[in-house]
Amino acid sequence: MPQLAPFCRRRVVRGKPLLLALAASPLLLLLCLAASSPEAARASAEIDVDLHVDGVRMNDAQDEMNSKAVPITKLDAMTQTATALPLRFGDDGVIVVGGRRLQLSAVRTQERQTQQLEPLVAATYEISSLRAPVISIALTHVPKAGPRSRTYFAYSRARWRMDKQSAGIFDLNKNESTLVITPFDHFCNGPILLADGNPALVGGYDEPANKAQTDARKWISIYDHNQRKMFNMTSMFYNRWYPTPCLVKDNKVLIVGGTYNIDKGPQIPVAELWDPTKPHSGTEQVPLPPTFQKSSGLNWYPFILMLPRGEILWWGDRGGSITDANWNEIYKFPVLPNNTFPYRTMYPCTSSIVLSAMKPDGETGEYNDFSIIIFGGAPDGSKGALASPASARLDMFYCGHNICDKGWVIEDMLGQRRVMPYATVLPNGKVLVHAGGQAGIAGWKSGKIYKSTKPAYRDLMYNPYAPLGKRFSLSATLGIIRMYHSTSCLDLSGKVISAGCETCGMTGADAGDLPANVSRSPDGDLDYRISFAVPAEIGPGVERPVIISAPEVITRGSVFTILYTGTVTGATLAAPCANTHSINMNQKVLFLNLVSVSSSGVAQVQAPPLSQPAAAHAGYYQLFLLGTQTATGQTYSQGVWVKLVDIN
Ligand SMILES: *[C@@H]1O[C@H](CO)[C@@H](O)[C@H](O)[C@H]1NC(C)=O
Ligand SMILES: *[C@@H]1O[C@H](CO)[C@@H](O)[C@H](O)[C@H]1NC(C)=O
Ligand SMILES: *[C@@H]1O[C@H](CO)[C@@H](O)[C@H](O)[C@H]1NC(C)=O
Ligand SMILES: CC(=O)N[C@H]1CO[C@H](CO)[C@@H](O)[C@@H]1O
């Protein structure tokens with residue numbers, strides 16, 4: 001029998017002798033066992049143990065532990081009472097119960113390491129001299145505006161009785177902005193960039209105080225940049241406020257969630273499928289997968305995503321499933337551990353969820369593993385309570401014809417709490433978790449009461465490739481805070497643009513310990529300013545590769561040529577942004593295989609493979625070249641827009 005850590009030997013739990021308590025609590029047992037080994041205390045990895053929470057026998061558990069290399073984190077500073085250990089998050093060792101597997105992860109150690117690393121900050125901030133034409137509640141790229149264009153389409157809301165211009169476009173290269181006429185009220189729409197490059201807006205609102213715009217809750221419209229106009233396309237079966245559109249097979253749009261009744265529900269019992277190539281012919285109904293339906297509650301802005309082999313991932317609040325081409329459930333998410341991650345993730349307890357950047361197999365170019373990462377959220381029934389200080393990551397992979405996972409990994413976000421942050425996947429695979437609040441829930445104000453308070457004033461950068469316990473780092477102080485009704489996108493410059501806010505005027509206790517050097521909006525609660533987060537690896541003084549030329553159209557399965565200067569170590573495609581309410585529809589970053597790079601500045605790059613058309617839907621992408629490793633991460637070029645097409 002391994003030696004128990006001293007605190008385990010000493011303590012009693014709720015009056016029971018410790019060993020009894022250990023037998024009753026395998027988590028505690030594992031923790032004690034793990035803490036007993038000094039070598040193990042330095043490692044951090046995972047254990048392949050099936051978890052039998054009920055009636056595990058101590059000896060069985062010990063044998064399991066002995067037979068594996070015990071991977072555990074630094075537990076030397078563990079001084080809490082034993083009862084507190086597995087139950088409280090963030091106090092040194094964290095136990096992660098994946099339902100299928102169990103992992104132990106480092107937490108506090110990370111904070112110390114990060115402190116040592118300072119003053120290296122993960123990102124700095126810039127404020128643009130251009131103001132957005134409207135409050136950017138939904139923000140999409142306009143890739144058809146040109147290969148180097150930094151044009152955005154921003155949707156806001158009816159601002160007064162006869163307001164007919166609730167949207168606008170702005171061009172960061174030309175420093176220009178203009179309003180767009182909006183015949184339909186698409187406030188609180190689900191935005192998506194279609195394969196043809198036009199932004200579509202799904203669902204919306206019926207502002208009682210506005211008589212100039214048609215109720216859009218059932219409607220789908222597109223913005224056509226050539227005409228600078230919006231067009232209604234077709235209507236859905238159901239009224240949807242807060243729906244999620246997702247690009248699926250054959251460039252169709254799957255529309256999930258949303259509700260008739262603002263903030264009330266009920267859950268809409270089906271999803272709908274729209275074919276933008278027959279834009280006026282209505283939608284088809286699609287059943288909700290039962291596991292997703294059960295977990296997703298009122299189903300506002302659920303996280304929906306197509307996977308590389310064409311499956312659909314449905315995540316709703318604290319659970320969900322994956323369906324095949326015929327909408328049959330083929331995978332259920334393991335239970336999100338409610339001891340270490342007792343938070344809800346969907347509106348109004350809004351987290352921000354991403355599919356992390358996918359890397360291709362070196363030979364086939366296929367994408368066979370992928371992860372989702374949930375950043376933040378809020379406790380159930382939260383009324384001003386502190387937000388989640390944790391992320392939850394699930395690594396998944398194809399195992400034969402099935403999908404397998406490695407169990408949830410819960411990580412401490414350096415003590416930073418976040419509700420409604422804005423998570424953006426960078427071209428090098430890192431994730432910027434921007435702004436949001438530290439307490440409360442997403443939402444506007446009830447009277448004078450802000451639903452979320454204590455604006456975040458430093459961002460988190462998450463490096464998915466770093467060892468467990470060293471993945472988060474902190475940015476410099478934000479230039480501008482962003483709370484409810486803000487948006488963020490990966491800009492073609494490689495920086496992360498952010499815009500909007502309708503609740504950013506808070507002061508006093510609501511503002512928490514907001515530093516005085518954060519620039520406050522001249523418009524009170526509203527913020528029209530545009531700002532950028534500049535990741536340190538593309539910051540001033542860093543030598544970045546430069547794309548001299550790239551094809552405007554690339555064919556799936558082909559090898560294409562990029563002319564560049566600098567040092568090139570890789571290439572990535574980033575799907576266009578369609579961001580609202582902390583969810584970025586279809587956010588996808590794909591690494592590409594490099595076929596060759598020559599010292600004369602010619603790179604041959606492999607486009608996404610023919611064998612997996614669902615890995616990258618047809619349409620526009622930002623193409624970036626990756627450069628060398630810097631102290632803060634792998635640098636990358638500015639992007640260019642390319643269009644991925646299929647051979648017919
Ligand atoms: C951009 O336009 C704004 C007015 O909209 C102006 O104040 C600002 O100086 C311009 N910036 C540049 C770089 O031209
Ligand atoms: C935690 O999850 C377990 C298993 O799903 C469930 O039985 C238990 O009631 C949950 N506890 C809380 C506090 O939600
Ligand atoms: C803003 O103030 C904080 C302390 O409140 C300081 O750490 C930070 O460096 C300041 N940032 C700038 C850009 O002055
Ligand atoms: C409600 C509404 O205004 N619907 C319009 C949508 O667009 C078509 C033309 O494509 C019009 O005929 C409808 O009246």
Side-chain angles (χ1 to χ4, degrees), residues 114-115 117-134 136 150-152 154 164 166 168-179 181-186 189 198 200-207 210-224 227 229-237 239-240 274-283 414-416 435 438 454-459 473-481 491 493 495 497 499 511-520 522-523 527-534 536 539-540:
T114 309
Q115 277 159 9
L117 280 179
E118 279 176 341
L120 268 190
V121 293
T124 54
Y125 295 88
E126 290 173 356
I127 301 182
S128 169
S129 58
L130 185 67
R131 272 163 69 91
V134 292
S136 305
R150 293 161 72 209
T151 301
Y152 289 84
K164 292 180 184 162
S166 297
I169 50 171
F170 56 89
D171 180 333
L172 293 167
N173 291 340
K174 295 191 184 141
N175 194 37
E176 284 172 3
S177 74
T178 176
L179 291 168
I181 293 171
T182 50
F184 282 70
D185 183 357
H186 281 291
N189 64 75
N198 287 324
L201 304 183
V202 169
Y205 192 54
D206 184 20
E207 171 55 57
N210 180 284
K211 300 293 167 241
Q213 301 182 17
T214 306
D215 177 358
R217 284 174 300 166
K218 254 188 189 175
W219 283 85
I220 302 173
S221 299
I222 63 152
Y223 167 68
D224 178 352
Q227 305 184 58
K229 272 189 179 160
M230 298 219 46
F231 294 93
N232 85 66
M233 291 286 119
T234 196
S235 61
M236 300 179 281
F237 287 96
N239 283 309
R240 294 179 188 267
W274 174 54
D275 184 353
T277 63
K278 298 179 201 131
H280 305 297
S281 41
T283 64
L414 301 179
Q416 297 280 317
Q438 302 182 69
K454 301 188 171 64
Y457 54 84
R458 290 185 82 176
D459 282 351
S473 55
L474 282 171
S475 77
T477 310
L478 292 184
I480 293 176
I481 56 169
D491 184 59
S493 61
K495 301 170 189 174
I497 184 176
D513 55 352
L514 197 59
N517 53 10
V518 171
S519 167
R520 306 306 300 276
D523 301 291
D527 206 324
Y528 289 87
R529 296 173 302 167
I530 293 168
S531 56
F532 296 96
V534 186

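Atoms within a ligand are numbered from 1 in the order they appear, just like the ligands themselves. For the numbers below, each heavy atom of this structure counts, side chains included, while hydrogens, waters and symmetry mates do not.
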Are any non-hydrogen side-chain atoms of [X] and [Y] less than 4.5 angstrom apart?
X	Y	answer
Y125	T477	no
R131	S177	no
L130	E176	no
N210	D185	no
F231	P183	no
K229	D224	no

Tell me whether the rings of W219 and F184 are parallel (<30°), tilted (30 to 60°) or perpendicular (>60°). tilted
Heavy-atom protein contact below 4.0 Å for atom 14 (O) of ligand 4: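 Flag for atom 14 (O) of ligand 4 set to false, no protein heavy atom closer than 4.0 Å.
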Looking at atom 9 (O) of ligand 3, would you say a protein heavy atom lies below 4.0 Å from it?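 It does not: no protein heavy atom is found less than 4.0 Å away from atom 9 (O) of ligand 3.
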For [atom], grab the closest protein heavy atom and report residue, atom and distance to one decimal in Å.
atom	answer
atom 5 (O) of ligand 1	L130 CD1, 4.2 Å
atom 11 (N) of ligand 3	N517 ND2, 2.8 Å
atom 10 (O) of ligand 4	H280 CE1, 4.2 Å
atom 2 (C) of ligand 4	F184 CZ, 3.5 Å
atom 12 (C) of ligand 1	N175 ND2, 3.1 Å
atom 4 (C) of ligand 3	P515 CB, 4.6 Å

Close approach, F231 and ligand 4, non-hydrogen under 4.0 angstrom: no
Between atom CD1 of I530 and atom CG of L172, what is the distance when rounded to the nearest 0.5 Å? 5.5 Å
Quick check on contacts: which atoms of ligand 1 are under 4.0 angstrom from a heavy atom of S129? 1 (C), 3 (C), 8 (C), 10 (C), 11 (N), 12 (C), 13 (C)
Could you list the atoms of ligand 3 found under 4.0 angstrom from a heavy atom of T477?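 Close to T477: 1 (C), 3 (C), 8 (C), 10 (C), 11 (N).
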I'd like to check whether N232 has a polar contact with ligand 4, where a contact means an N/O of the residue lying under 3.5 Å from an N/O of the ligand.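 The answer is yes, given that N232 and ligand 4 share an N or O pair closer than 3.5 Å.
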